[in-house]
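These notes concern the structure reproduced below.
Protein chains get the first letters and strands the later ones, always in sequence-line order, with residue 1 at the start of each.
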2 protein chains.
Amino acid sequence: MKISTKGRYAVRLLLDIAMNDEVEPVRLKDTAERQDISMKYLEQIISILVRAGYVKSIRGPQGGYRLTKEPKDYTIGMILRQVEGSLAPVSCLDDDVNTCERQEECVSLRIWRELNDAINGVVDKYTLQDLIEWQQEANLDYCI
Amino acid sequence: MKISTKGRYAVRLLLDIAMNDEVEPVRLKDTAERQDISMKYLEQIISILVRAGYVKSIRGPQGGYRLTKEPKDYTIGMILRQVEGSLAPVSCLDDDVNTCERQEECVSLRIWRELNDAINGVVDKYTLQDLIEWQQEANLDYCI
DNA sequence: ATAATTCATATTGACATACTAGGAAAAGAG
DNA sequence: CTCTTTTCCTAGTATGTCAATATGAATTAT
């Protein structure tokens, strides 16, 4: 029941881009340093996000990445689902893969469904904007 | 973010024992047939539950397994955590393994914490007794 | 032309998952 | 005491996933 590093890194990656895109787009190399994550790994993760239309890339020198939307428009759930695939706790709940023959008689399914809703409820309640604000608060605290 | 077969089977196993322990203890062979799960795999799972004191075993002919408590005293969360280990969505939240140096400055942690609470909230809300009742209702529906 | 960047694909090692296999130990029935 | 039925214990195995690394091509500002 763990969220993979890929999912967590994706959140940190987008947060880093959101918070560091001032004049120039954000280079992966810098994010890698700031976040202490291998750049090569970040490349793989961001390619998913580019394909999903969550960030746009600018190639060549002075290139980098930019968000395509406002931070408030990225829920954490969107990000996680994009890079992790479904967050459903059992595959019976994945729309496309409901191969379980016991669906009808399965009483556990009721709990898994509720669990699924609870999970999505939390991760879809917060957005990158929330993380940005928390981070800014934390930085303030740190300075004082 | 998936619950493993081991966890799900453990729930079905205990439910099967709860619902079939009439006169004699429940033999794994029968559970395996009823639930369509390999008996060898069930052996491994039940050994965890025996060690945890959730079931007691009776060896030899006419042997089998019995619950040690009332069905209402097993939450689904207890069962899952016992066979799966922690259900925490990030290992930072596992008490013993909080090796993450970013703990202090990590704003995502707030979300993971809330997610953890949501997950445990659901799985600890329901017990084997609930499953038994739902199963009995389902069986009634089926007959009518 | 050069250098800095993204893009694409392949490979790797470690670990976990989901089993299967073989046999030992206990205990009731005869 | 033996046979059979059950649990108990340990090891093995095939497959897949995770978490990266590695290599190099494509693009583009300077």
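- Rounded to the nearest 0.5 angstrom, Y54(B) OH and I79(B) CD1 are separated by 7.5 Å.
- As a whole-Å value, the separation of I17(A) CD1 from dT5(C) C1' is 14 Å.
- Counting heavy atoms from C-beta outward, L28(B) and L13(B) have side chains that approach closer than 4.5 Å.
- Summarising the geometry, the separation between NZ on K2(B) and P on dG16(D) is reported as 17 Å, rounded to the nearest angstrom.
- Y126(B) and E114(A) share a side-chain donor-acceptor pair at under 3.5 Å.
- A donor and an acceptor atom, one from each side chain of Y41(B) and T5(B), are located under 3.5 Å apart.
- Within a 6.0 Å sphere centred on NZ of K69(A), heavy atoms belonging to other residues, nucleotides or ligands number more than 12.
- Here the P atom of nucleotide dA20(D) and the CG atom of D36(A) are 10 Å apart, to the nearest Å.
- The distance between atom NZ of K40(A) and atom P of dC7(C), rounded to the nearest whole Å, is 12 Å.
- Taking atom NZ of residue K6(A) and atom P of nucleotide dT21(D), one finds them 14 Å apart after rounding to whole Å.
- Heavy-atom minimum distance, P71(B) versus L128(B): O-CB, 3.3 Å.
- dC18(D) atom C1' lies 15 Å from atom CD1 of I37(A), rounded to whole Å.
- Summarising the geometry, atom CH2 belonging to W112(B) is positioned 12.5 Å from atom NZ belonging to K2(A); distances are rounded to the nearest 0.5 Å.
- The stretch residues 41-63 of chain B touches DNA chain D through E43(B), Q44(B), S57(B), I58(B), R59(B), G60(B), P61(B), each having a heavy atom under 4.0 angstrom from the strand.
- Put simply, S38(B) has no side-chain N or O that comes within less than 4.0 Å of OP1 or OP2 on dC19(C).
- Between V50(A) and K56(A), every side-chain heavy-atom pair lies at or beyond the 4.5 Å cut-off.
- Rounded to whole Å, the distance from CD on Q35(A) to C1' on dA19(D) is 17 Å.
- Of the side-chain N and O atoms in Y9(B), none sit less than 4.0 angstrom from OP1 or OP2 of dA18(C).
- Panel note: side chain E84(A), backbone S4(A); a donor-acceptor pair is recorded below 3.5 Å.
- The stretch residues 24-33 of chain A has no heavy atom under 4.0 Å from DNA chain D, so no residue of it qualifies as close.
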